[in-house]
Amino acid sequence: MKSAVETLNPTRVRLTVEVPFEELKDSLDAAYKKINQQVTVKGFRKGKIPARVIDQRFGRGAVLEEAVNDALPKFYTEAVNEAEVNPLGQPEVDITELKDGELLAFTAEVDIRPTIEIPDYSGIEVTVDAVEVTDEDVEKSVEQLRERFASTNPVERPAAEGDVVTIDLEAKVDGEVLPDGVAQGVSYTIGSGELLDGIDEAVTGLEAGGEATFTSQLKGGSAEGKDAEVTVKVTAVAARELPELDDDFAQLASEFDTLDELKADSRKRLENMKQFDQATQAQERVLDELLKLAEVPIPEKLLEDEINTRKHNLEHHQLGQMGLTLEKYLEIQGKTEEEFLAETKEQAEKGIKTQFILDELVNKEKLNVSQEELTEHLMRRAASSGMSPDQFAQAVVEGGQVPMLVGEVARGKALAVVVEAAKVVDTNGETVDLEDDEDEVEAAAEAVEAVTGDAEEKNEA
């Protein structure tokens, strides 16, 4: 077999392949055998029909077509290996010559991973938010905990903001009660904004047994988006009572004996959260700067596929679970379809560029993923998916997605290398030290996965 490669552009090549006919012998034998099992000829046992009879009865062309279809993948793979290119997706194959007994010639055009020059990233500088926890932050955290331990007590007075009311609802559109417009015994905290627009004003001031009617645009259900006449009846009013902020509350709501210890723990947890946010911010901003430095050409077909995949997943999975159409989502977001597609294209380009350059960095730095690192990543992915580690691992193996997870960890390690080399300062001008430990690598892997999304599954080489 002879092959040659022609570079059409930085992301696409054409392979020209010539195969001597004798190299088709195994595929021809297999073709005759397959046809033998599929047809019957009077006077011959099934599977024992001579080749010359098959040629006479069914045509030599049918045999050649079967043999070529069988042989093409092998010859294409050999040509790819010989040319030392990294193909992406399926090739467009064109048989240019087929001479029985002499020659098979074909061309194959395919997108390839571009050759990327890793830029000098040692000069990258980024600024991130400072880790600052104020007394107000601590008080707010403790207050949220206090809210969780609030109790309610029935009262005989008009309902006021903050009260918990039990209500019955009936919604009418054009004078007709909606099939899904009736609800009874609904518990609602006045001022929470969790139900219909206008309900707070309607129930405020009502005692148990009182009712009011108001107009509101429905946010869901069979008449979503339409104005409805809603009747609300209050059946009970209860006041929320918060526990006193003292040592007794600390013992009730935590493992601490004093309120001061509870506040100190809250401050520490808030600091840890802000440090994690700061690290994530540093990784995202360093990645953005790295992408600015690198020239990364993108195959057109790959970009088109990635845009379509992202659009499909949003429309049929994320929005589908929320009961929203793409049109309704765009309306809520205040975006046109053109703006949405432009944003999706930008995100897709960033995802593909990120994967290409970090994969190149993995190869350059010879970064390997240990079993321990892979297991740690699998455990975190399982937790975020809501599956047990065993269930998630089984799904990953059965779906052939182990290389994808390995790629996520490797790219996280590559990004961690770049972050470690970058200069990171906070808004106070202080240098931020981001240690290259397991948590930082895992956080970097998650940051990369958030950017690359669906591109990872399609581009694993």
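Keep in mind that this is a model prediction, so the values were computed, not measured.
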- [ ] Evaluate salt bridge (Lys or Arg N to Asp or Glu O under 4.0 Å) for K350 paired with E346, printing each intermediate quantity in order.
- [x] CA-CA 6 Å; K350 184 177 181 180; E346 184 180 346; over 6 Å; no
- [ ] Under the salt bridge (Lys or Arg N to Asp or Glu O under 4.0 Å) rule, what do K140 and E136 come out as? Steps first, then yes or no, please.
- [x] CA-CA 6 Å; K140 183 178 179 181; E136 288 76 16; over 6 Å; no
- [ ] Evaluate the side-chain hydrogen bond (donor to acceptor under 3.5 Å, both in side chains) criterion for residues S388 and D390: first the C-alpha distance (whole Å), next the side-chain angles of each, then the deciding distance (0.1 Å), finally the verdict.
- [x] CA-CA 5 Å; S388 72; D390 287 344; 5.5 Å; no
Open item on the list: Under the criterion salt bridge (Lys or Arg N to Asp or Glu O under 4.0 Å), I'd like the reasoning laid out for E289 against K292: C-alpha separation, chi angles, the key distance, then a yes or no.
Closed with: CA-CA 5 Å; E289 293 302 313; K292 290 178 186 177; 3.1 Å; yes
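Of the possible donor and acceptor atoms, one in the side chain of S216 sits under 3.5 Å from a partner among the backbone N and O of D197. The main-chain N or O of D137 is never found under 3.5 Å from a side-chain atom of S141 such that the two would form a donor-acceptor pair. Under the 3.5 Å distance criterion, the side-chain polar atoms of Q281 are matched with a main-chain donor or acceptor of D129. Looking only at distances, no side-chain donor or acceptor of E339 sits under 3.5 Å from a matching main-chain atom of K335. In this structure, D163 contributes its side chain and R240 its backbone to no donor-acceptor pair below 3.5 Å. S385 places a side-chain N or O within 3.5 Å of a backbone atom of A382 that can act as its donor or acceptor partner. Side chain of R146 to main chain of P243: a donor-acceptor pair is present (N/O by atom type, distance under 3.5 Å, no hydrogens or angles).
With respect to the salt-bridge test (charged N to carboxylate O, under 4.0 angstrom), the residues E109 and R12 qualify. Between E271 and R267 there is no salt bridge, since no side-chain nitrogen of the basic residue lies less than 4.0 Å from a carboxylate oxygen of the acidic one.
Under the side chain to side chain contact (heavy atoms under 4.5 Å, CB included) rule, V286 has a single partner from L291, V128, V126, which is V126.
Heavy atoms of other residues, nucleotides or ligands lying less than 6.0 angstrom from CD of E143 number more than 12. For NZ of K423, the number of neighbouring non-hydrogen atoms (other residues, nucleotides, ligands) closer than 6.0 Å is 12 at most. Surrounding CE of M379 are at most 12 heavy atoms belonging to other residues, nucleotides or ligands under 6.0 Å away. Crowding of Q144 atom CD: a count of heavy atoms from other residues, nucleotides or ligands under 6.0 Å exceeding 12. Enclosure of atom CZ in R148 is not indicated, since only 12 or fewer non-hydrogen atoms of other residues, nucleotides or ligands lie within 6.0 angstrom.
Considering only heavy atoms from C-beta on, R113 comes within 4.5 Å of L88 through its side chain. A 4.5 Å side-chain heavy-atom check between K263 and E139 finds at least one atom pair inside the cut-off.
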